[in-house]
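Step one of this worksheet: look at the structure below.
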Amino acid sequence: HVRVVESGGGLVQSGGSLRLSCAAFGFTLDDYAIAWFRRAPGKKLEAISCISTTDDLKYYGDSAKGRFSISTDNTKKTVYLQMNSLEPEDTAVYYCATEPNDSCYYYTEGGLDEYYSWGQGTQVTVSS
């Protein structure tokens, strides 16, 4: 059974950092690419980042470039999202999800409906 579980959210002051984790169950990181999304109150779901271990490629959305970094620990089957220089605008529920294949194709194409498995989300709150 393929599933992902997020953790690592919390409350942090503006300018601070957090590292989110996305643990994979029922598959390896070579099977499916993993993407991070977020939904802020009253806003649409926003694509943050995607990583494909097979293609050795990483993608970042505009709000993440220069501040966030995605990485993997294949032995732990975990994808990390290191978030630095956090701002109140980063306050949101963060989700990870699996692509239906081992590339970030649907991430790059904006195909949110194609994502195979979603986690329950982890809340990130940045205070000013």
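Starting from 1, each residue takes its place in the sequence as its number.
- Looking at Leu20 and Val124, their side chains come closer than 4.5 Å, going by heavy atoms from C-beta outward.
- Contact annotation: the side chain of Ile51 never approaches that of Leu57 to less than 4.5 Å [non-hydrogen atoms, C-beta and beyond].
- The main-chain N or O of Gln82 is never found under 3.5 Å from a side-chain atom of Ser69 such that the two would form a donor-acceptor pair.
- Counted within 6.0 Å of OH on Tyr60, heavy atoms from surrounding residues, nucleotides or ligands total more than 12; the atom is thus considered enclosed.
- In this structure, Asp73 and Leu29 approach most closely via the heavy-atom pair O-CD1, 4.2 Å.
- Considering CD1 of Ile70 and OH of Tyr80, their distance stands at 12.5 Å, rounded to 0.5 Å.
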Steps toward side chain to side chain contact (heavy atoms under 4.5 Å, CB included) verdict (Arg38, Val93) = CA-CA 5 Å; Arg38 71 184 183 187; Val93 179; over 6 Å; no
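- We find the CG-CE distance between Asp90 and Met83 to be 7.0 Å, quoted to the nearest 0.5 Å.
- A donor-acceptor pair under 3.5 Å links the side-chain atoms of Thr78 to the main chain of Lys76, judged by distance alone.
- Residues Cys104 and Ser52 come closest through the heavy atom pair SG-N, 3.9 Å.
- Here the straight-line distance linking atom CZ of Phe25 with atom NE2 of His1 works out to 11.0 Å at 0.5 Å rounding.
- Between the CZ atom in Arg3 and the OG atom in Ser117 there is a gap of 9.0 Å [rounded to 0.5 Å].
- Contact annotation: the side chain of Thr28 never approaches that of Asn74 to less than 4.5 Å [non-hydrogen atoms, C-beta and beyond].
- Counting heavy atoms from C-beta on, the side chains of Phe68 and Asn84 never come closer than 4.5 Å.
- Between atom OH of residue Tyr94 and atom CD of residue Gln123 there is a gap of 9.5 Å, rounded to the nearest 0.5 Å.
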Given Ser103 and Asp55, is the side-chain hydrogen bond (donor to acceptor under 3.5 Å, both in side chains) satisfied, shown in steps?
-> CA-CA 7 Å; Ser103 74; Asp55 296 339; 4.6 Å; no
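- Proximity of Asp30 to Asp102: side-chain heavy atoms (C-beta onward) are nowhere separated by under 4.5 Å.
- Atom CD in Glu114 sits 11.5 Å away from atom OG1 in Thr98 (nearest 0.5 Å).
- Two residues are said to be in side-chain contact when any heavy atoms from C-beta on lie closer than 4.5 Å; Ser49 and Leu81 meet this criterion.
- Side-chain heavy atoms closer than 4.5 Å link hydrophobic residues (I, L, V, M, F, W, Y) into clusters, and following such links, even through other members, never connects Val79 to Val5.
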Might you work through the side chain to side chain contact (heavy atoms under 4.5 Å, CB included) test for Thr122 and Ser7, ending with a clear yes or no?
-> CA-CA 6 Å; Thr122 186; Ser7 61; 5.6 Å; no
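- Pairing each heavy atom of Leu45 with each of Leu112, the nearest pair is CD2-CD1, 3.8 Å.
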Verdict with reasoning, Tyr115 to Tyr106, per ring-ring contact (aromatic ring centres under 6.0 Å, His included) | CA-CA 8 Å; Tyr115 275 78; Tyr106 289 105; 7.2 Å; no
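- Closest heavy-atom contact between Tyr107 and Gly61: OH-N, 3.2 Å.
- The backbone N or O of Glu6 lies less than 3.5 Å from a partner atom in the side chain of Gln120, making a donor-acceptor pair.
- Summarising the geometry of Ile48 relative to Ala64, their closest heavy-atom pair is O-CB, 3.7 Å, with the distance given to 0.1 Å.
- Residues Cys22 and Trp36 form a side-chain contact, since some pair of their non-hydrogen atoms from C-beta on lies under 4.5 Å apart.
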Under the ring-ring contact (aromatic ring centres under 6.0 Å, His included) rule, what do Phe37 and Trp118 come out as? Steps first, then yes or no, please.
-> CA-CA 10 Å; Phe37 300 87; Trp118 292 81; 4.9 Å; yes
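- Side-chain contact between Thr53 and Tyr32 is absent, with no heavy-atom pair separated by less than 4.5 Å.
- Closest of all the heavy-atom pairs between Ser128 and Ser14 is CA-CB, 4.2 Å.
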